[in-house]
Every structure is written in C-alpha cells, then in structure tokens.
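Remarks on the structure that follows.
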Amino acid sequence: MGFDPWDAAFVADPYPAYRELREQGRAIWWEATGQWLVPHYADVSALLRDRRLGRTYLHRFSHEEFGREAPPPEHEPFHVLNGNGLLDLEDPAHARVRRLVAKAFTPRTVERLVPAVQRMAGELVGRLLADGGGDLLVTVAEPLPVAVIAELLGVPEADRALLRPWSADICGMFELRPDEETARRAVRASIDFSAYLRELISERRARPGEDLISGLIAAHDEEGRLSEQEMISTCVLLLNAGHEATVNTTVNGWWALLRNPDQLAALRAGRDPEKLSTAVDELMRYDTPLQMFERWVLDDIRVGDIEIPRGAEVALLFGSANRDPARFDDPDALDLVRADNPHLTFGAGIHYCLGAPLARRELEASFGALLADGIPPLRLVEEPRWRDGYVIRGLERLLVEF
C-alpha cells in the first residue's frame with residue numbers, strides 16, 4: 001500500500017507507507033497534489049525552522065508573481081479569517097501579533113484554568129461512568145476542549161454548542177483538495193463565527209472581564225494593539241487548533257492504549273503527574289493528530305540531493321517524522337516511559353503551537369480522570385472506524401464500557 005490520503009486503509013494505518021517513503025528518499029514528488037513529500041524527522045524539523053519557507057507567500061509576492069492562482073472570490077471570508085491568524089502569518093506581522101497575544105495568553109492564564117479543567121474532566125468522566133460507558137469521543141474527548149476554550153474566551157455557556165460545528169466546518173478546508181461543498185460550509189462558518197466574536201469583543205470592550213478576549217483587547221506595546229480582525233482570527237485559531245488536535249489525541253490515544261494492554265496496565269499502576277505527562281507526550285508521538293503540515297518555498301532550497309525551487313509546496317509529514325527510526329528507538333512501539341521524545345506534534349520554529357501548555361494540561365486532566373482511583377478499567381465495545389480526512393486524523397467514535 002502506497003501513500004494515498006483518500007484511501008480508507010491508508011488513513012487507518014499510514015505508517016507502513018511512511019516507511020516506504022523514508023526508504024525512497026528525503027523529498028519525494030507527489031503528482032496528485034503537486035507537492036514534495038518530506039518524510040524524515042531531521043528534514044521536517046529543519047524545514048519547520050527554515051525562514052526560506054512560509055505558511056503564506058503573500059507577504060512577499062502576489063499570486064501571479066508566485067505562479068499561483070488566487071482563491072475564488074466567494075472563499076474570501078474563510079481566507080480573511082485564516083490569513084490573519086498566527087498559524088498563517090509570517091514575519092514581521094507574525095512576530096507582532098504573537099508578541100501581543102502572548103501578553104494576554106500567559107503561563108499564569110493557563111495555570112489559572114487548571115482547576116477548572118480538572119473539574120470539567122472529572123464531571124465528564126463521572127457522566128460516562130454513570131451511563132456504564134458510551135462513546136468516548138462525544139462524552140469526554142469533544143466536550144472538554146470546547147468547554148476549556150469557551151471558559152478561556154469567556155463564551156457564555158448557552159452559546160458553547162455553536163463552537164464545535166463552526167470549528168469542524170472551518171477545519172474541513174485544511175484537508176487535501178477540499179470540494180466545493182466543504183468550502184461552502186467553511187465560508188458560512190467563517191462568517192457566522194466572525195460575527196459572533198465581533199459582538200462578544202464589543203461586549204468586552206464595554207465590560208472587560210478576566211477572560212482572554214478582554215486580555216487581547218488590553219494588550220498593547222509601542223507598535224500598537226491588535227486589530228479586531230486579528231483578535232477574531234486568534235480566537236478562532238485557539239478553538240480550531242486546540243480543539244481538533246486535543247480531541248483526536250484523546251481518542252487516538254485511548255485506542256492505542258486499548259491495543260497495548262501492558263502499557264495501559266503499567267500506567268494505571270503508577271499514576272504520578274510526571275509519569276502521566278511523559279505518557280501523554282508518547283501518545284502524541286505514537287499516533288499524531290496532525291499528520292501533515294504544508295509550507296510554501298519562498299526561496300530555492302535543497303533537501304538531500306533534490307533542488308526544490310521557489311513557488312513549490314512541501315508537505316511535512318509529521319506522522320512519518322514522529323516514527324522515524326533515525327530519531328526514535330523502536331519507533332513503532334508504544335513506550336509510555338520514553339524519556340527521549342522530542343516529537344514534532346506541536347510543530348517547531350516560529351509557528352510552534354502557542355497553546356501547547358494548555359493542550360498538555362487538558363490531556364493530562366482527561367487521561368488522569370479516566371485512570372483515577374475508583375474508575376474501573378475501560379473495555380472496547382467495537383472496533384473503531386477512522387473518519388474521512390487524513391491531515392487532521394481521528395476516529396469516528398470510540399465505544400467503550402467499564
């Protein structure tokens with residue numbers, strides 16, 4: 001089986017195909033999307049930090065100068081929203097926005113949320129236990145990060161059900177070759193989510209609180225403040241990146257644990273915080289929620305013996321890099337006490353995930369609540385199926401019982 005992101009068997013287990021890619025070379029041309037696939041850890045890590053690549057090229061070139069077609073005008077609401085977020089900005093705009101966001105989204109902000117995160121995780125697990133089991137995806141994995149981001153942003157509880165559908169529709173555009181219906185849903189969600197946040201920002205300007213939106217409004221330095229669009233795009237990115245990755249790490253992680261009962265038993269036997277933190281990092285490495293991260297080549301680069309010219313696109317294969325035997329001993333084994341584990345799940349370089357500390361706290365709370373004293377072991381009810389979609393890779397559901 002080769003590299004085929006639209007094949008269900010590949011999505012269910014892409015790792016044999018990654019081994020083949022790593023054997024083929026350091027950069028492999030893939031005709032289906034006109035991209036260079038980069039499967040090795042050392043190259044992915046280096047290119048994430050290489051300023052000759054960018055998430056966008058519009059800070060240096062027009063579409064025509066770069067040899068690319070402009071997106072359709074009807075997609076503009078999505079691209080305005082996405083293009084003003086940290087993930088798709090490049091310097092100097094990226095440095096300015098990240099510096100201002102960091103003034104509001106501080107380590108203290110994250111630590112202040114920890115008791116609420118642990119309480120919410122415990123409540124969700126308590127409901128699952130009361131029901132005798134159920135779908136771990138919809139009962140624990142999805143509600144927790146949505147509730148945490150909503151708490152962080154100050155979204156009223158009555159409005160929180162809006163967030164997950166908006167996030168799912170917008171993230172559909174990050175898959176390879178999204179169809180027109182996917183684009184239509186993403187545009188509608190971009191419009192609706194932006195309108196909602198614009199109103200919420202207006203309320204916080206009038207009545208500031210302790211939430212992140214109030215902090216973003218107040219953040220300033222000698223270069224000024226965040227624009228309203230930058231605040232909106234920051235809030236959407238926090239939901240999309242923080243939500244999708246955390247959900248999939250939770251369910252993919254539990255599926256991995258249930259397939260490795262010896263590792264799960266050892267984790268249950270010694271549930272100290274440091275051991276749990278190490279285990280969470282290994283679960284993120286073992287079955288990476290974000291399999292591919294794309295970058296534009298802004299100036300000619302060389303990967304191995306391959307010259308990649310300006311205007312090309314590279315696909316950095318996180319899932320392959322995190323299983324590269326040149327960097328990880330016995331990479332296809334789940335080892336929850338793996339000490340040397342510099343996985344690339346959160347990225348690297350200037351686009352390293354700003355929300356990584358919060359994501360770790362959420363995952364530790366979620367796994368910790370399901371492993372706590374008094375909670376019986378989980379058992380799988382049925383073999384899970386993988387959702388359509390390769391870039392953001394996760395299960396359709398995970399039915400369990402106690």
Side-chain angles (χ1 to χ4, degrees), residues 110 113-152 155 157 160-165 167-168 171 238-261 263-264 267-268 271 273 276-277 279-284 286-290 334 336 345 355 358-387 392-402:
V110 172
L113 274 173
V114 168
V117 173
Q118 293 172 336
R119 173 182 53 78
M120 288 186 279
E123 290 171 355
L124 292 169
V125 170
R127 290 174 204 161
L128 183 69
L129 181 60
D131 291 338
D135 183 357
L136 193 67
L137 177 71
V138 299
T139 56
V140 177
E142 284 187 342
L144 181 61
V146 170
V148 171
I149 296 296
E151 187 83 11
L152 178 68
V155 174
E157 197 158 340
R160 293 180 182 183
L162 299 167
L163 302 182
R164 167 61 176 158
S167 175
C171 286
L238 282 171
L239 174 67
N240 292 347
H243 173 257
E244 296 295 331
T246 308
V247 170
N248 290 337
T249 298
T250 303
V251 290
N252 298 2
W254 271 105
W255 175 221
L257 289 172
L258 292 168
R259 298 198 315 277
N260 291 270
Q263 290 286 305
L264 177 54
L267 185 60
R268 290 185 65 88
R271 294 185 299 273
L276 185 58
S277 176
V280 164
D281 268 313
E282 173 66 352
L283 292 169
M284 285 192 282
Y286 182 76
D287 214 354
T288 309
L290 179 68
L334 181 67
L336 297 182
T345 302
L358 180 58
R360 280 196 167 95
R361 289 298 206 170
E362 287 179 36
L363 290 165
E364 289 165 12
S366 172
F367 282 96
L370 281 160
L371 293 165
D373 291 333
I375 303 296
L378 290 178
R379 182 170 58 204
L380 193 66
V381 171
E382 67 175 25
E383 185 92 1
R385 290 166 49 93
W386 293 88
R387 287 199 320 261
I392 302 172
R393 178 172 166 272
L395 299 171
E396 287 184 353
R397 62 181 185 173
L398 188 65
L399 292 182
V400 296
E401 61 187 8
F402 289 95

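Only this structure's heavy atoms are used, side chains among them; waters, hydrogens and symmetry mates stay out.
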Closest non-hydrogen atom pair between Arg387 and Ile392, with its separation: NH2-O, 3.7 Å
Donor-acceptor contact below 3.5 Å, side chain Arg393 vs main chain Leu290: no
So for atom CD, which belongs to Glu157, do other residues, nucleotides or ligands contribute more than 12 heavy atoms lying within a distance under 6.0 Å? no
Nearest-0.5 Å distance, CZ of residue Arg397 to CG of residue Leu136: 13.0 Å
What do the steps show when you test Glu123 against Arg119 for salt bridge (charged side-chain N to carboxylate O under 4.0 Å, His left out), and what is the final call? CA-CA 6 Å; Glu123 290 171 355; Arg119 173 182 53 78; 3.5 Å; yes
To check you understand the geometry: which heavy-atom pair defines the closest contact between Val148 and Val117, and what is its length? CG2-CG2, 3.7 Å
Using side-chain heavy atoms (C-beta onward) and a distance below 4.5 Å, is Arg361 in contact with Val110? yes
Hey, are Glu383 and Arg259 close enough for a salt bridge, meaning a charged N less than 4.0 Å from a carboxylate O? no
Please check if the side chain of Ser167 supplies one atom and the backbone of Leu163 the other of a donor-acceptor pair under 3.5 Å. no
Mind checking whether Glu364 and Ser277 have side chains closer than 4.5 Å, heavy atoms only? yes
At their closest point, which heavy atom of Phe367 faces which heavy atom of Leu276, and how far apart are they? CB-CD1, 4.1 Å
Nearest heavy atoms of Gly374 and Pro376, plus distance in Å: O-CD, 3.5 Å
Looking at CD of Glu362 and CZ of Arg360, how far apart are the two atoms once the value is rounded to the nearest 0.5 Å? 12.5 Å
Crowding at CZ, Arg379 (>12 non-hydrogen neighbours, <6.0 Å): no
Between the side chain of Gln263 and the main-chain N/O of Leu336, is any donor-acceptor distance below 3.5 Å? yes
Could you check if a side-chain atom of Leu113 sits within less than 4.5 angstrom of a side-chain atom of Leu152, using non-hydrogen atoms only? yes
Could you tell me the separation between the CG atom of Leu264 and the CG atom of Leu371, rounded to the nearest 0.5 Å? 6.5 Å
Would you find a donor on one side and an acceptor on the other, under 3.5 Å apart, between the side chain of Asp287 and the backbone of Asn248? no
Look at the side chain of Asn252 and the backbone N and O of Gly394, then say whether any donor-acceptor pair between them is shorter than 3.5 Å. no
Main chain of Leu137, side chain of Asp135: is a donor-acceptor contact present, judged purely on distance under 3.5 Å? yes
Quick check: do Trp255 and Pro384 have side-chain heavy atoms less than 4.5 Å from each other? yes
Looking only at atom types and distance, does a side-chain atom of Thr246 sit under 3.5 Å from a main-chain N or O of Pro145, one as donor and one as acceptor? no
Report yes if some heavy atom in the side chain of Met284 is under 4.5 Å from a heavy atom in the side chain of Leu363; otherwise report no. yes
Of the non-hydrogen atoms in Leu128 and Gly134, which two are nearest, and what is the gap between them? CD1-N, 3.7 Å
Would you call Val155 and Ile149 a side-chain contact if the rule is heavy atoms closer than 4.5 Å? no
Closest non-hydrogen atom pair, Leu378 against Leu258: O-CD2, 3.7 Å
Compare all side-chain heavy atoms of Tyr286 with those of Leu283 and state whether any distance is below 4.5 angstrom. no
Output for pair (Leu257 CG, Leu334 CG), nearest 0.5 Å, gives 6.5 Å
Heavy-atom check, side chain of Leu398 versus side chain of Leu380, under 4.5 Å: yes
